[in-house]
Trainee: 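After the structure tokens below, expect a handful of questions from me.
Just so you know, these numbers use all the heavy atoms, side chains as well, and skip hydrogens, waters and symmetry mates. Lettering of chains follows the sequences in order, A, B, ..., and the numbering in each one begins at 1.
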Amino acid sequence: MARKLTGGEDFAGLKRVEKTLPGRAYHDPDIYRRELQPIWYGQWLYLCRSDMLADAGSYCTESIGDQPVLLVRDEAGAVRAFHNTCRHRGSLLCREKAGRLGGKRIVCPYHQWAYDLRGNLVRTSSLSEAPDFDRADYALYDIAVREWRGCVFVCLADDPPAELSAFRGGGDYTENWPLAELAVGHTWRKTVACNWKVFWENFNECLHCPNVHPELSLLVPIYRRRIILPQDDPDWQRHEGSADPKHRGGLRPGAETWSSDGKAHGPRFESLSEAERAAGQRYYVNTPSMYIAAHVDYMRIVRILPRGPQETEIQAEWLFPPAALDDPAFDLDNLVAFGQLVLEQDGAASEMNQQGLRSRRHEAGVLMPEEHYVAAFHRWYRTAMGEG
Amino acid sequence: MARKLTGGEDFAGLKRVEKTLPGRAYHDPDIYRRELQPIWYGQWLYLCRSDMLADAGSYCTESIGDQPVLLVRDEAGAVRAFHNTCRHRGSLLCREKAGRLGGKRIVCPYHQWAYDLRGNLVRTSSLSEAPDFDRADYALYDIAVREWRGCVFVCLADDPPAELSAFRGGGDYTENWPLAELAVGHTWRKTVACNWKVFWENFNECLHCPNVHPELSLLVPIYRRRIILPQDDPDWQRHEGSADPKHRGGLRPGAETWSSDGKAHGPRFESLSEAERAAGQRYYVNTPSMYIAAHVDYMRIVRILPRGPQETEIQAEWLFPPAALDDPAFDLDNLVAFGQLVLEQDGAASEMNQQGLRSRRHEAGVLMPEEHYVAAFHRWYRTAMGEG
Amino acid sequence: MARKLTGGEDFAGLKRVEKTLPGRAYHDPDIYRRELQPIWYGQWLYLCRSDMLADAGSYCTESIGDQPVLLVRDEAGAVRAFHNTCRHRGSLLCREKAGRLGGKRIVCPYHQWAYDLRGNLVRTSSLSEAPDFDRADYALYDIAVREWRGCVFVCLADDPPAELSAFRGGGDYTENWPLAELAVGHTWRKTVACNWKVFWENFNECLHCPNVHPELSLLVPIYRRRIILPQDDPDWQRHEGSADPKHRGGLRPGAETWSSDGKAHGPRFESLSEAERAAGQRYYVNTPSMYIAAHVDYMRIVRILPRGPQETEIQAEWLFPPAALDDPAFDLDNLVAFGQLVLEQDGAASEMNQQGLRSRRHEAGVLMPEEHYVAAFHRWYRTAMGEG
């Protein structure tokens, strides 16, 4: 039975009842539209790995909400981002998910206006141009780009925030990993019938773990206790120094990584600390568009993009040392299958949550002590929405 | 040729021109939204038979508009209804159409909050609870329930109407039937592309019968004359006492019930009056969510629930004496097929009506003398909408 | 490289930069709704060929936006148009695309109200009619009709414009063709995921031709230069009198018509001038609902109707001398396949344009000198919308 707190406990959990966001924040189309500007068009968003853009003229396309975006590597080696829209009459410029531009030009497939890789209009297709037509007025609509450890972030705002990570107070616990050198070995993508915030809330707590993720809760024993950190337990001091993973966190004895058999399946990263190796998992969170899970032998980037008030696209990329991917004996499936199973379970749980949220009586939910990261997510959200 | 009324006739029909509801009442999403509160969230609605909830812990789920509802039989034997939404973070509680709860608890599949069958929160899943967290504040959102002759009605309003039947002036002509003792032998369900009021209007008149329901019009000869009651004919007095079913109503000579061959196919109800047996059909109407047809050997409950401005779910349940269903020789198909055919025809007619209603010139239609029940339905609707 | 204009050139092109319509004019549902009244419910629209309505009682149905329309030939031989909506309770009257009415009556399939072919209510289905019910009050909702060269136009407005063609300044360059005598040999229909204006803009320029229509640009060499008229080239005077089709326009040497092999495949129209025969193509444009292409052996009518903010139905009809269609050796496929290929290409280009138009940075595009017909289309649109 749950212990009644006095409020004087020294632990990570919430010590008083906090309300969730109002129920309609998760399905009202007007609220969704109001979120676009400050959040999805205002913050840095992860789109893809830098090596998707191998060299000058490589491109890929993506959508943020319904905004078509084009990423290109230019001749100086920099990644550029543009609205995927021709300045002439607004046609889509690139139609494929990824490819390579011939002749180092972005050529509109409709009327063949040509832009260089920095977005400058270098050629129209007309026999003549009007006296007041100046090509310099028709460069592609620029989007701010930043690269970080092999990850490409964009920001649709005119004046992007100084910091990449919008989640106040988050730290990067994956610094010892050679993220920039890793290569994507597998990509999984799914559109989930939930609001994007529902998926993030689910990520930010482990109260759901034992029942939603039975396999994961065997691998990470502390999750069986429905907590993420040892300090989420008000009695954590009584177990301080315990070697039992259900108290100290980390993987079960004998397990090295998130995989179907718990074994690592390639070279272990040598740059990790002893504690990191022992824990078997570390995270980096960059709300609203990505989080990274780091293991001894691979990393996993999960990307979250909204598609509508009740629709969210989840993408996961599994990253490995290139040498592992080159090894024909490398058991990639064993590593991939486990994280994919967990994500499928999270997607199903999020859809179930979404359905119940439509009740008109559900004005707001309530957060329990273990849900302090959900509370932090709500604080971030309210601040981003100017309600802070 | 139609007879011109003087207005002095003594009959059931309308004696002056009445307009229908305005055309946009049948397709405008704003009007649909305005209807939800007073009608679909304000009145008693039939959801299911009591025996769907066999004993303590049996449950079933349904949606009213987009509101998820949960019905459960509690340990005292009473039926309870709740919003199908967990008080924690709003997850759906029960995902199946029907089932049985283990351990007499409603356990949320997301974070395992547990409620007793009266909706009281008896357990959270947390290690601790905040000082100001009181389980008594988190009982399931209650919905009013009433049982009537083995039928479960719910009302989403805080202050439900005193009377079950919202349709002013309606009487129950099925009182002699043992409705409470019957069991569902067959269920049919279809989503029809029409506004819910279109389906009800269609139910409330027989002007459409000869052409839309040729088989039914052979079985019930008065329907061939496009009327429901003998008194719908302005000349009804001239045929008073006629044994001809096209004047007195009821089934054709030799027919006993609504079935493909006109024969009854199980034990006849012994509680019926001679007149009821002779008529072969009686009705009970409970607008907006159900009507019941009663025959000598079975009953049929039709349930009507809205799914959107131009989408309505129709469900029919065929009810029989349990002994009939236990008899391997019982010809259920013969009974079911006939009513199902009539409902399919009504659905197709309603969809056809819906399409024409989109014309911007159609400000309103007109009711003919035979459509007095449609006029009564419109009066009920206007009163319910506060336009009375 | 494009020549820089001084502005003093004497040619057909635009001599200064003109903006396109704002980006949201192509996807905003509110703007679409605002267009319906002045344009789609306010102007003459081509619906079908007169011979679709062979004789008294022949009918066909169509939708304008979501308005159901019924066309019938009456007993005096005139074409009549009505809202396809019964005056009783608003049912659709005719459900098929085309057919023949039995007994020269429009009989509602729901309750059998019967109208004569001029729309007068001649019979209800009721046993009686109320004293204040006057059939004369319930004629079908009339729609204005005009026939022109075998084409049926309708206008939903109460007070239709005097002129059939809404496109200011347009001329009919197909006057020498026997359009009224031709018969439809093939019909093609496709719903394209673009705003209706996108499709019209695409029609009104040839900057897209070489890349979007490689086959057509071989057949019509001037299109390879991305222009429609010789006078679209600022240097056109230097090529005046040239016999080269890339300067004078018209089909490539040896080609007679739009067909897969460039050959004509039936009797050539004898009424054409030498110049018309030599050019191989002439056009008539009737914005917003149709354009006609005329060739030496056949004509093609393209009809454009909106289905939503981002959805447009395109229909093409190929018309031939009846004798050609009666000839078993007539190679209709060869003629039809070519124009159908070009329309499929236009549809794909329009969908590509639509996707790029969703970018929030795309406030407006820009028109190049060759796009003077697009500018004229925009002037027509702004005038029609009262923004002129």
Side-chain angles (χ1 to χ4, degrees), chain B residues 1-9 11 13-23 25-27 197-198 201-202 205-212 225-227 232-236 310 348-371 374, chain C residues 29 33 36-37 40-42 61-70 81-96 106-114 119 121-144 156-158:
Chain B
M1 217 46 174
R3 163 179 163 175
K4 194 74 187 173
L5 297 177
T6 64
E9 288 80 4
F11 81 127
L14 301 174
K15 288 175 213 152
R16 54 182 193 81
V17 163
E18 292 200 29
K19 281 194 179 178
T20 67
L21 302 175
Y26 302 95
H27 51 77
K197 298 185 293 294
V198 168
E201 292 176 1
N202 177 79
E205 49 90 357
C206 221
L207 276 172
H208 69 277
C209 287
N211 288 59
V212 170
R225 298 176 66 222
R226 300 175 179 276
I227 57 178
D232 292 350
D233 176 0
D235 286 333
W236 67 275
Q310 304 195 62
S350 297
E351 294 190 340
M352 179 175 79
N353 195 1
Q354 184 71 32
Q355 289 176 59
L357 284 164
R358 291 181 196 135
S359 168
R360 53 198 285 272
R361 285 293 305 276
H362 184 76
E363 283 168 31
V366 60
L367 297 182
M368 300 303 286
E370 290 91 336
E371 296 174 293
V374 181
Chain C
R33 272 190 293 270
L36 290 173
Q37 191 65 43
W40 296 103
Y41 304 157
T61 63
E62 197 42 76
S63 290
I64 298 171
D66 67 350
Q67 294 297 297
V69 171
L70 171 63
F82 308 105
H83 285 259
N84 190 1
T85 295
C86 181
R87 291 298 308 271
H88 175 210
R89 281 197 357 244
S91 174
L92 208 61
L93 293 164
C94 292
R95 287 172 284 184
E96 305 300 323
I106 302 164
V107 180
C108 178
Y110 197 4
H111 303 106
Q112 292 70 54
W113 280 31
L121 176 61
V122 292
R123 196 183 65 227
T124 67
S125 56
S126 285
L127 285 177
S128 62
E129 292 169 2
D132 56 346
F133 181 83
D134 183 348
R135 274 176 225 157
D137 296 339
Y138 299 98
L140 292 181
Y141 299 113
D142 226 38
I143 296 174
L156 296 187
D158 293 334

Trainee: Which answer fits C/Cys108, side chain, backbone, both or neither, if we ask what part of it has an atom under 4.5 Å from a heavy atom of chain B?
Mentor: neither
Trainee: Whether the C/Arg123 and C/Gln112 side chains hold a donor-acceptor pair (N or O, under 3.5 Å, no angle test) is what I'd like checked.
Mentor: no
Trainee: Testing B/Arg3, B/Lys4, B/Arg16 for salt bridge (Lys or Arg N to Asp or Glu O under 4.0 Å) with B/Glu9, which one passes?
Mentor: B/Arg3
Trainee: With a 4.5 angstrom heavy-atom cut-off, could you sort out which part of B/Asp235 is near chain C: side chain, backbone, both or neither?
Mentor: neither
Trainee: Among B/Val374, B/Asn211, B/Thr20, B/Leu357, which has the most heavy-atom pairs under 4.5 Å with chain C?
Mentor: B/Asn211
Trainee: Of the non-hydrogen atoms in B/Leu5 and B/Phe11, which two are nearest, and what is the gap between them?
Mentor: CD1-CZ, 3.8 Å
Trainee: Could you tell me which portion of B/Arg226 (side chain, backbone, both or neither) has an atom closer than 4.5 angstrom to a non-hydrogen atom of chain C?
Mentor: side chain
Trainee: Does any backbone or side-chain atom of B/Ile227 lie under 4.5 Å from a heavy atom of chain C? Answer side chain, backbone, both or neither.
Mentor: side chain
Trainee: Does any backbone or side-chain atom of C/Leu93 lie under 4.5 Å from a heavy atom of chain B? Answer side chain, backbone, both or neither.
Mentor: neither
Trainee: Side chain, backbone, both or neither: which part of C/Arg87 has a non-hydrogen atom closer than 4.5 Å to chain B?
Mentor: backbone
Trainee: Quick one: does any side-chain atom of C/Ser128 pair with a main-chain N or O of B/Ala2 as donor and acceptor, under 3.5 Å?
Mentor: no
Trainee: With a 4.5 angstrom heavy-atom cut-off, could you sort out which part of B/Lys15 is near chain C: side chain, backbone, both or neither?
Mentor: backbone
Trainee: Can you find a side-chain donor-acceptor pair between B/Glu371 and C/His88 that sits under 3.5 Å?
Mentor: yes
Trainee: Just by distance, do the side chain of B/Glu351 and the backbone of B/Gln354 share a donor-acceptor pair under 3.5 Å?
Mentor: no
Trainee: Any idea which of C/Val69, C/Thr85, C/Leu127 has the most non-hydrogen atom pairs under 4.5 angstrom with chain B?
Mentor: C/Leu127
Trainee: For B/Val212, is it the side chain, the backbone, both, or neither that has a heavy atom closer than 4.5 Å to a heavy atom of chain C?
Mentor: side chain
Trainee: Considering only heavy atoms, which portion of C/Gln67 lies under 4.5 Å from any heavy atom of chain B: side chain, backbone, both, or neither?
Mentor: side chain
Trainee: Quiz question: by atom type and distance under 3.5 Å, do the side chains of C/Glu129 and C/Thr124 form a donor-acceptor pair?
Mentor: yes
Trainee: Search all heavy atoms of B/Met368 against all heavy atoms of C/Ser126 and return the closest pair with its distance.
Mentor: CB-OG, 3.3 Å
Trainee: Against chain C, label B/Gln355 side chain, backbone, both or neither, depending on which of its atoms sit under 4.5 Å from a heavy atom there.
Mentor: both
Trainee: Heavy-atom cut-off 4.5 Å, strictly under: side chain, backbone, both or neither for C/Asn84 against chain B?
Mentor: backbone
Trainee: Does the side chain of C/Tyr141 come under 3.5 Å of the side chain of B/Glu363 through a donor N or O and an acceptor N or O?
Mentor: no
Trainee: Measure distances from C/Val107 to the heavy atoms of chain B and classify the residue's part below 4.5 Å as side chain, backbone, both or neither.
Mentor: neither
